[in-house]
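Right, one structure below, let's go through it.
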2 protein chains.
Amino acid sequence: MKHKKNIDKVKPYKPGKPVEELKREKGLRLVYKMASNELPFSPAYVKKAVLKELKNINRYPESSCFYLRSKLARKLGVKADSLVFGNGSDELITLVLKAFIEKGDEVITAFPSFLVYQIQAQIFGAKVTKVPLKDYSYNLDEIAKKVTPKTKIIFIANPDNPTGTYLSQEKVNRFLKKIPAEVLLFFDEAYFEFAPSDFPRSLKMLKQRKNMIVTRTFSKAYGLAGLRIGYGVTDPEIAGLLNKIREPFNVNRLAQVAAEAALDNKGFVREMVKFTNREKNLIYQALDALGLFYIRSYTNFILVDLGSDTSSLYNYMLSNGVIIRELKGWGLNNLFRITIGTSTQNKKFIKLLIDYVSNEA
Amino acid sequence: MKHKKNIDKVKPYKPGKPVEELKREKGLRLVYKMASNELPFSPAYVKKAVLKELKNINRYPESSCFYLRSKLARKLGVKADSLVFGNGSDELITLVLKAFIEKGDEVITAFPSFLVYQIQAQIFGAKVTKVPLKDYSYNLDEIAKKVTPKTKIIFIANPDNPTGTYLSQEKVNRFLKKIPAEVLLFFDEAYFEFAPSDFPRSLKMLKQRKNMIVTRTFSKAYGLAGLRIGYGVTDPEIAGLLNKIREPFNVNRLAQVAAEAALDNKGFVREMVKFTNREKNLIYQALDALGLFYIRSYTNFILVDLGSDTSSLYNYMLSNGVIIRELKGWGLNNLFRITIGTSTQNKKFIKLLIDYVSNEA
């Protein structure tokens with residue numbers, strides 16, 4: 001095979017174990033997945049929209065996501081032509097790389113952070129500079145220092161995954177001043193809805209800086225991960241470029257109508273965020289009681305330091321039907337990530353964790 | 001913007017006009033789209049599968065398409081690890097380019113043929129050699145002559161779009177002998193289900209040649225264009241490479257279960273193909289009566305030569321609620337493509353065409 005040799009070095013992304021897979025492997029009927037930062041509830045609001053759209057399922061989707069685009073532009077207060085929709089906001093990561101990266105170009109991100117940035121950047125032939133986190137947070141000063149004339153894109157997850165920390169408006173403002181205007185800043189705001197009040201007003205920042213894109217998703221707080229839809233907001237010229245190079249029908253019909261229904265439903269996300277924060281506090285309390293170190297999170301998950309290799313905890317959880325996320329993919333053997341689930345799921349997780357830690361002690 | 005300058009030369013793909021768009025523009029309530037080679041019926045078989053899966057819509061899809069993969073591998077008689085699923089078979093085109101193309105590499109395809117090959121190849125920085133059709137069919141002898149040491153991929157639509165012609169087993173066998181083993185042959189069989197009996201047994205050919213991929217789709221004969229799902233069959237090593245570089249959740253949950261339901265439904269495609277061929281004959285008769293030249297098609301569409309610029313016919317059809325496909329994107333001003341619709345749609349198209357041609361005469 002005469003394929004691109006840089007791909008051989010890439011370690012592929014390993015998603016959280018799917019519910020179906022654990023059921024198959026262990027013959028379990030009840031499985032709680034707390035591994036992929038999904039909402040634990042399936043939103044009822046999509047049913048009507050999806051059912052109505054099934055009659056058109058033989059037709060290609062509108063390439064422009066016309067109705068969703070108008071609705072979202074109104075909601076965000078941005079121009080319709082500044083939006084790019086993707087098959088999940090994942091696709092926006094790939095699209096900017098496809099548009100900007102030529103062999104030898106450089107990309108900067110943090111480590112540990114969302115792995116897809118570095119994986120896809122490597123596949124596209126970029127040199128990836130990974131700047132270690134400082135106090136579990138993006139080290140923006142150090143990132144700014146790493147910029148070279150070859151730097152094309154800086155990927156910033158805000159709030160971050162897997163730490164759950166966030167960068168405030170103040171920190172981001174200082175950072176923006178240091179980054180040359182021609183570098184594309186990619187702010188991945190997948191967990192935006194869970195962020196606190198001093199979170200950067202990134203859509204406003206777009207008015208000051210052309211080479212910048214803010215991505216968000218319907219996969220997290222909106223509960224539509226299975227449908228695959230996310231978007232980027234950016235300068236209309238960059239949006240035009242990304243829309244030009246994407247596949248013409250990248251967002252399926254049902255995702256488009258479900259996302260519209262999501263925007264129409266004002267209460268759902270608010271309620272989900274409230275619920276998540278309440279449950280997160282209960283898990284914090286349990287972790288405190290066990291004396292385990294964790295990072296205060298501004299998302300729907302918590303990063304926990306077990307203090308020893310997580311493998312046996314992971315397997316203990318699995319055999320009891322609970323899927324958590326190890327961080328071995330990041331090379332972090334003592335850390336695990338737990339997604340906030342339903343009350344029942346969170347209680348079961350806490351109980352299993354207590355059992356495990358007591359038996360270890 | 002420091003984007004890849006080769007993108008500037010790319011003329012983006014222009015899809016058939018969407019039903020919703022024409023309704024908006026003309027204030028029409030009834031619109032017949034006969035422009036994108038979609039099935040004119042929404043398959044009822046997906047409803048149950050989709051409804052059942054909605055309860056999991058908050059969960060990311062299984063990255064491996066586990067159940068669909070097993071079912072399809074059994075049906076095709078291929079190994080499960082020789083399959084790659086895509087967000088439509090479009091995505092397979094992008095994936096092979098992403099895996100194989102470095103700046104300066106070459107890609108060969110025919111002209112006119114499916115435009116996405118050349119558009120995406122240009123975006124990935126390949127030099128595209130376009131070999132003109134001969135008698136409205138791929139000129140395989142000429143394509144073989146164009147292979148150079150830099151040729152990485154040859155894209156072949158079989159049956160072809162927009163002509164509707166196909167390459168027989170015999171022609172393909174002769175061609176295979178001429179192409180160096182290291183060149184990847186990409187056989188796009190989007191219209192496979194409509195093909196005749198001497199069509200190449202391409203899955204068998206895969207046993208003889210490693211660097212080859214056969215792609216098919218659920219968008220055409222299966223009637224699932226709106227859901228976005230297609231697949232490639234190839235050597236397991238190449239499949240592994242493509243699976244490694246794709247986005248982890250590229251195929252949505254509802255597409256996976258709908259495609260499974262499609263495979264379970266034995267009668268649907270057979271019936272659709274029979275219906276399509278019957279209706280195609282009625283359109284042939286009308287074209288014969290009008291003395292219009294067309295290509296005998298082995299797909300669900302017909303390429304017609306109007307003998308003069310198609311713009312006014314196109315607009316006449318539009319204002320009467322019928323969307324046909326011009327070939328201006330290919331630079332072919334006198335040709336149009338018509339997709340076989342329902343009986344009512346086909347009758348309306350024929351009536352409008354007769355009216356138009358009589359008024360022109």
Side-chain angles (χ1 to χ4, degrees), chain A residues 1-4 7 10 12-13 15 18-21 33 36 38-43 46-47 50-51 54-63 66 87-88 90-91 94 98-100 102-103 123 152 182 211 219 223-228 237-238 241 244-245 247-250 252-255, chain B residues 1-4 7 10 12-13 15 18-21 33 36 38-43 46-47 50-51 54-63 66 87-88 90-91 94 98-100 102-103 123 152 182 211 219 223-228 237-238 241 244-245 247-250 252-255:
Chain A
M1 296 192 299
K2 285 164 90 180
H3 64 282
K4 285 157 58 184
I7 298 176
V10 174
Y13 183 76
V19 169
E20 293 87 343
E21 188 175 304
K33 186 180 175 202
S36 297
E38 300 146 334
L39 210 64
F41 307 102
S42 171
V46 299
K47 191 171 172 179
V50 164
L51 266 182
L54 275 183
K55 69 172 186 301
N56 301 319
I57 209 65
N58 52 317
R59 301 292 175 187
Y60 284 99
E62 273 204 270
S63 178
F66 183 86
N87 188 34
D90 273 33
E91 194 183 7
T94 312
K98 188 173 162 184
F100 288 88
E102 292 178 289
K103 213 174 170 171
I123 292 171
K152 286 285 178 72
E182 63 271 23
N211 284 312
S219 298
L224 297 178
L227 268 174
R228 314 308 299 125
E237 200 187 336
I238 297 177
L241 180 73
K244 182 175 173 179
I245 65 169
E247 284 142 28
F249 308 113
N250 62 332
N252 72 81
R253 271 193 179 267
L254 303 184
Chain B
M1 295 192 301
K2 286 164 88 180
H3 64 285
K4 285 157 60 184
I7 298 177
V10 174
Y13 183 77
V19 168
E20 292 87 343
E21 187 176 304
K33 186 179 174 203
S36 296
E38 299 148 333
L39 210 64
F41 307 103
S42 171
V46 298
K47 191 170 172 179
V50 164
L51 267 182
L54 275 182
K55 69 172 186 299
N56 301 319
I57 210 64
N58 52 316
R59 299 292 175 185
Y60 284 100
E62 272 204 269
S63 178
F66 183 85
N87 189 32
D90 275 32
E91 195 183 6
T94 312
K98 187 172 163 186
F100 287 89
E102 291 177 289
K103 212 173 173 174
I123 292 170
K152 285 284 178 73
E182 61 271 23
N211 284 312
S219 297
L224 297 177
L227 268 174
R228 314 308 300 124
E237 201 187 335
I238 297 177
L241 180 72
K244 183 175 173 178
I245 65 170
E247 284 143 26
F249 308 112
N250 62 332
N252 72 81
R253 272 192 178 267
L254 302 183

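In what follows, chains are A, B, ... by sequence order, proteins preceding strands, each numbered from 1.
In this structure, B:Ile123 CD1 and A:Ile245 CD1 are separated by 6.0 Å, a value rounded to the nearest 0.5 Å. To the nearest 0.5 angstrom, A:Asn87 atom CG is 4.0 Å from B:Asn87 atom CG. Between the CG atom in A:Asp90 and the CG atom in B:Asn250 there is a gap of 9.5 Å [rounded to 0.5 Å]. Atom CG of B:Leu241 and atom NZ of A:Lys4 lie 9.5 Å apart (nearest 0.5 Å).
The side-chain hydrogen bond (donor to acceptor under 3.5 Å, both in side chains) test applied to B:Ser63 returns B:Arg246, not counting sequence neighbours. Judged as a ring-ring contact (aromatic ring centres under 6.0 Å, His included), and not counting sequence neighbours, B:Phe66 has no contacts.
Top candidate by heavy-atom pairs under 4.5 Å with chain B, chosen from A:Leu254, A:Ile7, A:Leu39, A:Asn56, is A:Ile7. Of all the listed residues (A:Glu237, A:Arg253, A:Glu102, A:Lys244), the one sharing the greatest number of non-hydrogen pairs under 4.5 Å with chain B is A:Lys244. Ranked by heavy-atom pairs under 4.5 Å with chain A, the first of B:Glu20, B:Arg59, B:His3, B:Glu247 is B:Arg59.
Nearest approach of A:Tyr60 to B:Ser36, heavy atoms of both residues: CE1-O, 3.5 Å. For the residue pair B:Leu51 and A:Lys47, the shortest heavy atom distance occurs at CD2-CE, 3.8 Å. In terms of heavy atoms, B:Ala225 sits closest to A:Pro61 at O-CD, 3.8 Å.
For B:Val10, the parts sitting under 4.5 Å from any heavy atom of chain A are the backbone and the side chain alike. Only the side chain of B:Lys152 has a heavy atom closer than 4.5 Å to any heavy atom of chain A. Contacts of B:Ile57 with chain A are made by both backbone and side-chain atoms, with heavy-atom separations under 4.5 Å. In this structure, the portion of A:Tyr13 lying under 4.5 Å from any heavy atom of chain B is its side chain and not its backbone.
A donor-acceptor pair under 3.5 Å is absent between the side-chain atoms of B:Asn252 and the main chain of A:Arg228, judged by distance alone.
Side chains of B:Thr94 and A:Lys98 form a contact here, defined as non-hydrogen atoms less than 4.5 Å apart.
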Original post:
Given B:Lys103 and A:Lys103, is the side chain to side chain contact (heavy atoms under 4.5 Å, CB included) satisfied, shown in steps?
Top reply: CA-CA 8 Å; B:Lys103 212 173 173 174; A:Lys103 213 174 170 171; over 6 Å; no
